Amino acid sequence: MKPQNLVILWLHHILNITVLITQRELFLKNVAQTSDFPLALEIERAEGVYLYDTEGKSYLDLISGIGVSNVGHRHPKVVEAIKDQVDKYMHLMVYGEFVQSPQVQLAKALVDSLTPSAGDRPVLDNVYFTNSGTEAIEGAMKLAKRYTQRTEFVSCYNAYHGATQGALSLSGSENFKRNFRPLLPMTKNITHGNMADIEQVTEQTAAVIIEIIGGEAGVRVPTIAYFQALRKKCDEVGALLIIDEIQTGFGRTGSFWAFEQFGVYPDVITSAKGMGGGMPIGAFIANQKVMSVFKDNPILGHITTFGGHPVSAAASLATINLIRGEKLYESVPEKAALFRSLLVHPKIKEVRNQGLMMAVEFADFDELKGIIDRAIEKGLLTDWFLFCDNSMRIAPPLIITEEQIRTACEIILSCIE
């Protein structure tokens, strides 16, 4: 080795000189990527409706981590519940073996949040906790197969229920499925909101799994008559009606559950996203008779290690108490109306919404992408939809104020120009 190189090595050793690698470089190198163009914003902290990067720049969050932060980021009551639970215990035992207060109290609160069923339909009074929305869908699918002894599932075109293989089988987008086949057989798609397609639900159908509002399709709102006809058809053929409230639940659409606005009562509900106040948790909810099929033949018919983790359950309980106690959903229609009144521009083709679950449609993806990129530069975070890439996603925390809505809309309109 040359003498000068020895000197350099000695200096490195003495001075402890290290090559600095940025967080962004480590992110791109070591964190598995799902696209070639991640936003790659380096967020240092978040609070309320704002995210803050490492340079202190603020971003008004119009998408709530994709429908997660319904009560805002780091709500003090949610943070307090998390800290209190951490001081007591974290993981103790696999799901369903120990009586854990956060799980028990959360299950009771979820059951209480469900409006009484109409007529003699069983009340949904049994909650199975999972770690995410896709796991809730997987559990609900197994539940339907075991209870009905059937294997066919009906879901919708342009529906999104998750990315695991069972949930992906329900997807209505072949683009997302083709390179992962073979998937589950005996799944078929119908058009969300189309009356005629309801006839494809038959005596072979274990369950219809449907979003109450078509989310990743770009916020597609069906008629009340459609859901009532679908409920009737499921009853006629003995299929379960599983309503996916993973995006719509916890106040997003102006009621605690979106199905309350459509005059139907499901056999099973799946929930996640806004459920945890920022912590990972999901659930599927059914009546005790249906859920009991997991107890035998085989025993432990559905199991999970971390489902209903006590810290996540404590955060979720604080979230549900906040939303229901402060009736955050009651201000949602007024806030949505303000968005609609302000987002008027020749380049905006249409605004669709159910409460604060909104889609603002433009001519095409290229036009929308330019607007989104400029908005981020100006400190406003928004996005598009998986199966509707010409529409801007707006789903802010429910605590967003009128002033913040006006600021957001001013930025969007300036970016259109």
Side-chain angles (χ1 to χ4, degrees), residues 34 95 128-194 197-212 214-217 220 230-231 233-234 237-248 266-273 282-286 290-307 385-387:
T34 56
Y95 180 86
Y128 195 111
F129 291 114
T130 64
N131 300 286
S132 66
T134 191
E135 287 186 33
I137 291 292
E138 294 284 348
M141 292 176 74
K142 286 178 66 179
L143 184 68
K145 291 171 76 172
R146 180 70 179 83
Y147 181 75
T148 64
Q149 298 295 295
R150 302 174 184 178
T151 54
E152 179 185 88
F153 289 97
V154 175
S155 57
C156 291
Y157 291 111
N158 290 333
Y160 180 78
H161 297 287
T164 49
Q165 293 197 67
L168 184 61
S169 301
L170 302 174
S171 172
S173 171
E174 185 57 29
N175 181 53
F176 272 74
K177 294 194 289 189
R178 67 170 60 94
N179 288 325
F180 300 104
R181 292 191 178 279
L183 296 169
L184 285 183
M186 300 188 71
T187 58
K188 62 184 179 183
N189 297 128
I190 60 176
T191 301
H192 192 272
N194 185 295
D197 278 10
I198 292 175
E199 293 306 311
Q200 294 189 48
V201 181
T202 69
E203 286 80 4
Q204 281 73 52
T205 306
V208 176
I209 301 183
I210 187 168
E211 300 165 291
I212 199 83
E216 295 307 315
R220 307 296 172 172
L230 182 61
R231 171 73 276 178
K233 184 65 173 179
C234 288
V237 301
L240 297 183
L241 177 59
I242 301 175
I243 291 184
D244 180 339
E245 291 253 14
I246 290 168
Q247 282 201 60
T248 53
D267 298 304
V268 183
I269 294 175
T270 59
S271 179
K273 289 191 178 291
F284 55 102
I285 310 170
V290 173
M291 199 74 83
S292 68
V293 298
F294 281 152
K295 292 180 180 180
D296 60 72
N297 196 25
I299 189 174
L300 303 175
H302 193 62
I303 51 178
T304 172
T305 298
F306 294 113
F385 297 89
L386 283 179
F387 310 134

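Values in this document were obtained by computation on a predicted structure and should not be read as measured data. In this chain, residues are counted from 1 in sequence order. Worth knowing before you read on, the calculation uses all heavy atoms, side chains too, and leaves out hydrogens, waters and symmetry mates.
- Heavy-atom minimum distance, A144 versus A206: O-CB, 4.1 Å.
- Annotation: side chain to side chain donor-acceptor pair (under 3.5 Å) contacts of E203 (sequence neighbours excluded): none.
- Rounded to the nearest 0.5 angstrom, N175 CG and L386 CG are separated by 10.0 Å.
- Counting only heavy atoms from C-beta outward, the side chains of V208 and I242 never approach each other to under 4.5 Å.
- Put simply, the side chain of M291 reaches to within 4.5 Å of the side chain of Y128, judged on heavy atoms.
- The structure places OG1 of T187 at 7.5 Å from CG of L183, a figure rounded to the nearest 0.5 Å.
- Taking each heavy atom of G139 and F294 in turn, the nearest pair found is O-CZ, 3.8 Å.
- For the pair T130 (side chain) and S132 (backbone), a donor-acceptor distance under 3.5 Å is present.
- Closest of all the heavy-atom pairs between I269 and P266 is CG1-CG, 3.4 Å.
- At least one side-chain heavy atom of L143 sits under 4.5 Å from a side-chain heavy atom of V268.
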Return all side-chain donor-acceptor pairs below 3.5 angstrom for residues 156-171, not counting sequence neighbours, or 'none' if the list is empty.
residue: H161; atom: ND1; partner: D244; partner atom: OD2; Å: 2.7
residue: T164; atom: OG1; partner: T134; partner atom: OG1; Å: 2.8
residue: T164; atom: OG1; partner: E138; partner atom: OE2; Å: 2.6
residue: S169; atom: OG; partner: Q165; partner atom: O; Å: 2.7
residue: S169; atom: OG; partner: L184; partner atom: N; Å: 2.9
residue: S171; atom: OG; partner: S173; partner atom: N; Å: 3.2

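- Distance NE2/H192 to CZ/R220: 10.5 Å, rounded to 0.5 Å.
- In this structure the side chain of L230 reaches within 4.5 angstrom of the side chain of I210, judged on heavy atoms.
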Output, in order, the C-alpha distance, side-chain angles, deciding distance and verdict of side-chain contact (heavy atoms from CB on, under 4.5 Å) for M141 and F153. CA-CA 8 Å; M141 292 176 74; F153 289 97; 3.8 Å; yes

Evaluation steps, ring pair (Phe, Tyr, Trp, His ring centres under 6.0 Å), between F176 and F387: CA-CA 10 Å; F176 272 74; F387 310 134; 5.4 Å; yes

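- How far CG of N189 is from OG of S155: 4.5 Å, rounded to the nearest 0.5 Å.
- Once rounded to the nearest 0.5 Å, the distance linking CD1 of I212 with CD of E245 reads 6.0 Å.
- Ionic pairing of D197 and K233 is not present here: no N-O contact between side-chain nitrogen and carboxylate oxygen is shorter than 4.0 angstrom.
- Listed by first and then second residue, the salt bridge (charged side-chain N to carboxylate O under 4.0 Å, His left out) pairs that reach into residues 165-179 are E174-R181, sequence neighbours excluded.
- T205 contributes atom OG1, which lies 11.0 Å from atom CD1 of I209 (distance to the nearest 0.5 angstrom).
- Across A136 and F284, no two heavy atoms sit closer than the pair O-CD2, 3.6 Å.
- The salt bridge (charged side-chain N to carboxylate O under 4.0 Å, His left out) search around K142 returns none, not counting sequence neighbours.
- Under the rule for a salt bridge (charged side-chain N to carboxylate O under 4.0 Å, His left out), K145 has no partner lying at least two apart in sequence or in another chain.
- Note on residues 146-159: pairs passing salt bridge (charged side-chain N to carboxylate O under 4.0 Å, His left out), not counting sequence neighbours, are R146-D296, E152-K188.
- Across C234 and L240, no two heavy atoms sit closer than the pair SG-O, 4.3 Å.
- Nearest approach of G238 to T148, heavy atoms of both residues: O-CG2, 4.2 Å.
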